Protein chains: 2
Amino acid sequence: MNIKEVAEVSGLPAKTIRYYEEIRLICPLRGANGYRVFGTSDIHKLSFIARARGLGFSIEECRRLLALYDDKKRASADVKALAEVHLRDIATKIKELRAMEAALQSLVHACAGDARPDCPILMGLAKPGAVCCD
Amino acid sequence: MNIKEVAEVSGLPAKTIRYYEEIRLICPLRGANGYRVFGTSDIHKLSFIARARGLGFSIEECRRLLALYDDKKRASADVKALAEVHLRDIATKIKELRAMEAALQSLVHACAGDARPDCPILMGLAKPGAVCCD
DNA sequence: CTAGTCCTTCCAGTCATGGGAAGGTCAAGA
DNA sequence: TCTTGACCTTCCCATGACTGGAAGGACTAG
């Protein structure tokens, strides 16, 4: 299978697939013409990576997940540990974003949003202690 | 004031302050020795930027916020509009993260996390349709 | 005078791509 | 056979918002 078809099947852009080869996440064969030739295992791996990326795993985490996937003697505890670390990262980011949202929302709420220059949002950004988003 | 002190006061790393000058967010004067000399207005701006960045505004949004802050004839509606766009971005990101969190959590929950290789997390990543995080 | 701490610029790297140029390959139709 | 046009290749540069580090100048305390 050539790269464009693989891109359609896996949902990943061709550029991204080439990049994944460059960083050795996948190692497709080459045809006599120099074209990449993707086997079913490559396509499998790319779909796997696409889903893992969709869940927010970093490339390096994907690499470890793939290694665990390939290792038939793995302990599921190792996979779970990896996932739990990532879950905590996600939870942390959500918390940060919610704090930002709350702080900004209170400023926006206080702003008249009319033609006058007085603006609690700008005041909040200008004054120390007026914005907290921890 | 020299850069290190400004860094302490504003809470921004010196490197970042230099970067902000490079992209013309700020324009500190220079002393005879070539050192940057920060006036109170620079320090004010840097603190403003630090707070805006803390609320998740991009550099370009910070630039627009600063311009509005400087413009004494601004309409607060313009500031509010900027903030509301950003609020929507934040809300979108939170939604995406929560979808990821939910999908990953259900996989993690199904995983025994013991010494055996069987792993619903890997199965979920490998099988089409098993993971949804939209 | 020297040691140590500042300051400067410049270059390169991060992460995960995306854009686009220059050029080779292949399949279909005139 | 020739020519399109769609595909493929590599290569280099750009993104955002920094961060690290090297090389070298400036200043302060002892």
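Per chain, numbering begins at 1; letters A, B, ... match sequence-line order. Since this is a predicted model, take the numbers as computed values, not measurements.
- If one axis is set at each end of the helix from C:dC1-D:dG30 to C:dA30-D:dT1 from five pairs, those axes are 30° apart, to 10°.
- Distances shorter than 4.0 Å separate some side-chain N or O of A:R36 from OP1 or OP2 on D:dT9.
- Going from atom CG of A:N2 over to atom C1' of D:dT9 covers 12 Å, rounded to whole Å.
- A donor-acceptor pair is defined here as one N or O able to donate and one able to accept, closer than 3.5 Å; such a pair exists between the side chain of B:E61 and the backbone of B:S58.
- Atom CD of A:E5 and atom C1' of D:dC8 are 14 Å apart (whole Å).
- B:R24 has its CZ atom 18 Å from the P atom of D:dA17, to the nearest Å.
- At distances below 3.5 Å, not a single donor-acceptor pair connects side-chain atoms of B:K15 with backbone N or O atoms of B:L12.
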Going through the distances and angles, do B:R30 and B:E21 end up as a salt bridge (Lys or Arg N to Asp or Glu O under 4.0 Å)? CA-CA 12 Å; B:R30 295 293 177 129; B:E21 185 195 24; 3.2 Å; yes
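- For the pair A:Y19 OH and D:dC13 C1', the computed distance is 15 Å after rounding to whole Å.
- If you check every strand for non-hydrogen atoms under 4.0 Å, B:I3 touches sugar and phosphate atoms only.
- Annotation: the span from B:S10 atom OG to B:I49 atom CD1 amounts to 9.0 Å, rounded to 0.5 Å.
- Protein atom CD of B:E60 is 11 Å distant from nucleotide atom P of D:dT15, rounded to whole Å.
- By the 6.0 Å contact criterion, CZ on B:R24 is open, its count of non-hydrogen atoms from other residues, nucleotides or ligands being 12 or less.
- Look at B:R116 and B:D114 and you find a salt bridge, because one of the NZ, NE, NH1 or NH2 atoms lies within 4.0 Å of a carboxylate O, short of that distance.
- Running 5' to 3' along DNA chain C, contacts with non-hydrogen atoms of chain B at under 4.0 Å begin and end at C:dC6 to C:dC10.
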Given salt bridge (Lys or Arg N to Asp or Glu O under 4.0 Å), test B:K45 with B:D70 step by step and report yes or no. CA-CA 10 Å; B:K45 278 188 183 184; B:D70 284 347; 3.8 Å; yes
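- A salt bridge is absent between B:R36 and B:D42; no separation between the charged side-chain nitrogens and carboxylate oxygens falls under 4.0 Å.
- Within the 4.0 angstrom heavy-atom criterion, only backbone atoms of the sugar-phosphate kind lie near A:R53; the bases stay farther away.
- A heavy-atom distance below 4.0 Å to DNA chain C is reached by none of the residues of residues 81-94 of chain A.
- Between the CZ atom of A:R18 and the C1' atom of D:dC7 there is a distance of 10 Å, given to the nearest Å.
- No salt bridge links B:K93 with B:E96; every basic N to acidic carboxylate O contact stays at or beyond 4.0 Å.
- Contact annotation for B:K15: base contact, defined as any heavy-atom pair under 4.0 Å involving a base atom.
- With respect to the salt-bridge test (charged N to carboxylate O, under 4.0 angstrom), the residues A:R64 and A:D71 do not qualify.
- The main-chain N or O of A:A102 is never found under 3.5 Å from a side-chain atom of A:R98 such that the two would form a donor-acceptor pair.
- Rounded to whole Å, the distance from CZ on B:F57 to C1' on D:dA17 is 17 Å.
- Residue A:T16 is the one, among A:N33 and A:T16, whose nearest nucleotide of DNA chain C lies closer to the 5' end (criterion: closest heavy atom).
- If you take OH of A:Y35 and C1' of D:dC7, they are 6 Å apart, rounded to a whole angstrom.
- Nearest to the side-chain atoms of B:P13 among the listed nucleotides D:dC8, D:dT9, D:dT19 stands D:dT19.
- Of the possible polar contacts, none joining the B:R18 side chain to the B:E22 backbone as a donor-acceptor pair under 3.5 Å is found.
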